[in-house]
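Before any comments, here is the structure.
What you see is a predicted model, and the numbers here were worked out from it, not measured in a lab.
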Amino acid sequence: MEQNRISEIYKELYDQAAAAKENAYAPYSNFQVGAALLAKDGRIFTGVNVENGSYGATICAERTACVKAVSEGCKEFSALAIASSGGEAWPCGICRQFLYEFGGDLAVITGEDREHLRVLSLNELLPEAFRL
């Protein structure tokens, strides 16, 4: 999506992800990530990465936001913004599959800052996703 076509809502969602990033627990990688998930009903759920000494127990910001939303009864989403301490950050493979459970039309937003965002659909990021 061209820069001048990125909506103000996506920029605001990115700002919320960037603010959430400050709460990340990343003592091992020092790579802080924040996510802001926009539900179709207008609610926003934020999440951060939470690392663990047993690396497999680490959870990404995107899944944290999604788990918070589902635990509040929300299962329909329209957009997800991701901000990191390293600039542009796309969801990992596990997060892509996890989010796909709730629909492939999700807009995924990331970038260096709110003025340099890129947007791709989850379908674009995970073509031929696994479905039962």
In terms of heavy-atom contacts, Ala39 and Ser78 come closest through O-OG, 4.2 Å
Would you give the length of the straight line joining atom OG1 of Thr110 to atom OH of Tyr14, rounded to the nearest 0.5 angstrom?
6.0 Å
Can you name the nearest heavy-atom pair linking Glu51 to Pro27, along with the distance?
OE1-N, 3.4 Å
Rounded to the nearest 0.5 Å, what's the gap from CG on Leu125 to CG on Leu106? Could you check?
9.0 Å
According to ring pair (Phe, Tyr, Trp, His ring centres under 6.0 Å), does anything in residues 79-115 pair up with another residue at least two apart or in another chain? List the pairs.
Phe77-Phe102
Would you check if Pro91 and Cys60 make a side-chain contact, meaning some heavy-atom pair closer than 4.5 Å?
no
Do any N or O atoms from the side chain of Thr58 and from the backbone of Asn52 form a donor-acceptor pair under 3.5 angstrom?
yes
Quick check on Asp113: does its CG atom have over 12 non-hydrogen neighbours (other residues, nucleotides or ligands) under 6.0 Å away?
yes
Donor + acceptor pair across side chains of Gln32, Ser84 (<3.5 Å)
no
So does Glu124 pair up with Arg96, basic N to acidic O under 4.0 Å?
no
Can you find a heavy atom in the side chain of Ile44 that is under 4.5 Å from one in the side chain of Leu13?
yes
State, with a plain yes or no, whether a side-chain heavy atom of Arg63 is found less than 4.5 Å away from one of Lys68.
no
Step by step, would you call Leu99 with Cys66 a side-chain contact (heavy atoms from CB on, under 4.5 Å)?
CA-CA 7 Å; Leu99 292 164; Cys66 190; 4.1 Å; yes
Euclidean distance, Tyr10 OH relative to Leu80 CG, rounded to 0.5 Å
10.5 Å
Could you go through Glu12 and Arg114, starting from their C-alpha distance and side-chain angles, then the distance that decides it, and tell me whether this counts as side-chain contact (heavy atoms from CB on, under 4.5 Å)?
CA-CA 8 Å; Glu12 291 173 14; Arg114 79 180 325 260; 4.1 Å; yes
Do the side chains of Glu72 and Arg43 get close enough for a salt bridge, i.e. N-O under 4.0 angstrom?
no
Just do the side-chain contact (heavy atoms from CB on, under 4.5 Å) check on Lys21 and Gln16 with the steps written out, would you?
CA-CA 9 Å; Lys21 166 184 63 118; Gln16 288 201 31; over 6 Å; no
Do Glu76 and Asp41 come close enough that some side-chain heavy atom pair is under 4.5 Å?
no
The reported gap from CD in Glu112 to CZ in Arg118 (rounded to nearest 0.5 angstrom) is 10.5 Å
In this structure, CG of Leu120 is separated from CG of Leu126 (nearest 0.5 Å) by 12.5 Å
Taking the side chain as every heavy atom from C-beta outward, state whether Lys75 and Glu101 have any atom pair closer than 4.5 Å.
no
Quick one: does Leu122's side chain get under 4.5 Å of Asp105's, heavy atoms only?
no
Strictly distance-based, threshold 3.5 Å: is any side-chain N or O of Asn49 a donor or acceptor partner for the main-chain N or O of Val33?
yes
Using modelled atom types only, decide if a donor and an acceptor are shared between the side chain of Asn123 and the backbone of Gly104 within a distance under 3.5 Å.
yes
Residues that, via side-chain heavy atoms closer than 4.5 angstrom, fall in one hydrophobic cluster with Ile59:
Tyr25, Val48, Val50
Atom CD1 of Ile82 and atom CG of Leu37: how far apart are they, to the nearest 0.5 Å?
10.0 Å
Please examine the side chains of Leu38 and Ile9, heavy atoms only from C-beta on, and report whether any two atoms are closer than 4.5 Å.
yes
Output the rest of the hydrophobic cluster of Phe130: all Ile, Leu, Val, Met, Phe, Trp and Tyr residues reachable through side-chain heavy-atom contacts under 4.5 Å, sorted by chain and number.
Leu132
Closest approach of Ala20 and Gly47, non-hydrogen atoms and distance?
CB-O, 4.1 Å
Between Ser54 (side chain) and Ala57 (backbone), is there a donor-acceptor pair under 3.5 Å?
no
